[in-house]
Amino acid sequence: MKAAKLTYHRADSLDSAHAIDRLHQGAGKFMAGGQSLMPMMNFLYVMPDHLIDLNKVGELAYLRFDAAALHIGAMTRQRELEFSAEIGERCPILHEAL
């Protein structure tokens, strides 16, 4: 099967992603990689009118530690985590799993 027709949007900031979503009254789906969304679209399990790509939203790509937690942004690549010296030092089990 092929995905239903949709309009593709590429957001370059959180503000633009929200603006696109508001403009289309929440009728879109946000895509941050597509490994799970694309197959669901191909089988017509998910049929968004608008697809909002978040890959260029730099504000969502971060790795931060504070006193109590590790914070990983939605667009942070697994490869970045895998090669992070700080992850290796502070979260060795995560580093090993990656």
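- Hydrophobic clustering (ILVMFWY, side-chain heavy atoms < 4.5 Å, transitive): Met75 and Ile52 are in one cluster.
- Leu6 is not listed as a side-chain neighbour of Asp49, based on a closest heavy-atom distance of 4.5 Å or more.
- Each of Tyr8 and Leu23 belongs to its own hydrophobic cluster when Ile, Leu, Val, Met, Phe, Trp and Tyr are linked at side-chain heavy-atom distances under 4.5 angstrom.
- How far CZ of Arg10 is from CD1 of Ile20: 11.0 Å, rounded to the nearest 0.5 Å.
- Separating the CG atom in Leu54 from the CG atom in Leu60 is a distance of 6.0 Å, to the nearest 0.5 Å.
- Linking Ile, Leu, Val, Met, Phe, Trp and Tyr residues whenever their side-chain heavy atoms come within less than 4.5 Å leaves Val57 and Met31 in two separate clusters.
- The heavy-atom pair separating Ala32 from Arg77 by the smallest distance is O-NH1, 4.3 Å.
- Listed by chain and number, the residues in a ring-ring contact (aromatic ring centres under 6.0 Å, His included) with His50 are His9, His24 (sequence neighbours excluded).
- Among all heavy-atom pairs drawn from Glu59 and Leu14, the shortest one is OE1-N, 2.9 Å.
- With rounding to the nearest 0.5 angstrom, the CD atom of Gln78 is 10.5 Å from the CZ atom of Phe83.
- When all heavy atoms of Thr76 and Tyr62 are compared, the closest pair comes out as OG1-O, 2.7 Å.
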Hey, can you pull the donor-acceptor pairs under 3.5 Å for the side chains in residues 84-98, sequence neighbours left out?
residue	atom	partner	partner atom	Å
Ser84	OG	Glu86	N	3.4
Ser84	OG	Ile87	N	3.1
Glu86	OE2	Arg90	NH1	3.3
His95	NE2	Glu82	O	2.9

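- With Ser16 contributing its side chain and Asp12 its backbone, the two residues share a donor-acceptor pair below 3.5 Å.
- Closest heavy-atom contact between Phe30 and Leu37: O-CD2, 4.1 Å.
- Inter-residue side-chain proximity for Leu63 and Leu70 is flagged as met; some heavy-atom pair is nearer than 4.5 Å.
- Here His18 pairs with nothing under the ring-ring contact (aromatic ring centres under 6.0 Å, His included) rule; sequence neighbours left out.
- Residue Asp21 comes nearest to Ala27 through the heavy atom pair OD1-N, 4.4 Å, listed as atom of the first residue, atom of the second, then distance.
- Open room surrounds OH on Tyr45; 12 or fewer heavy atoms of other groups in view lie less than 6.0 Å from it.
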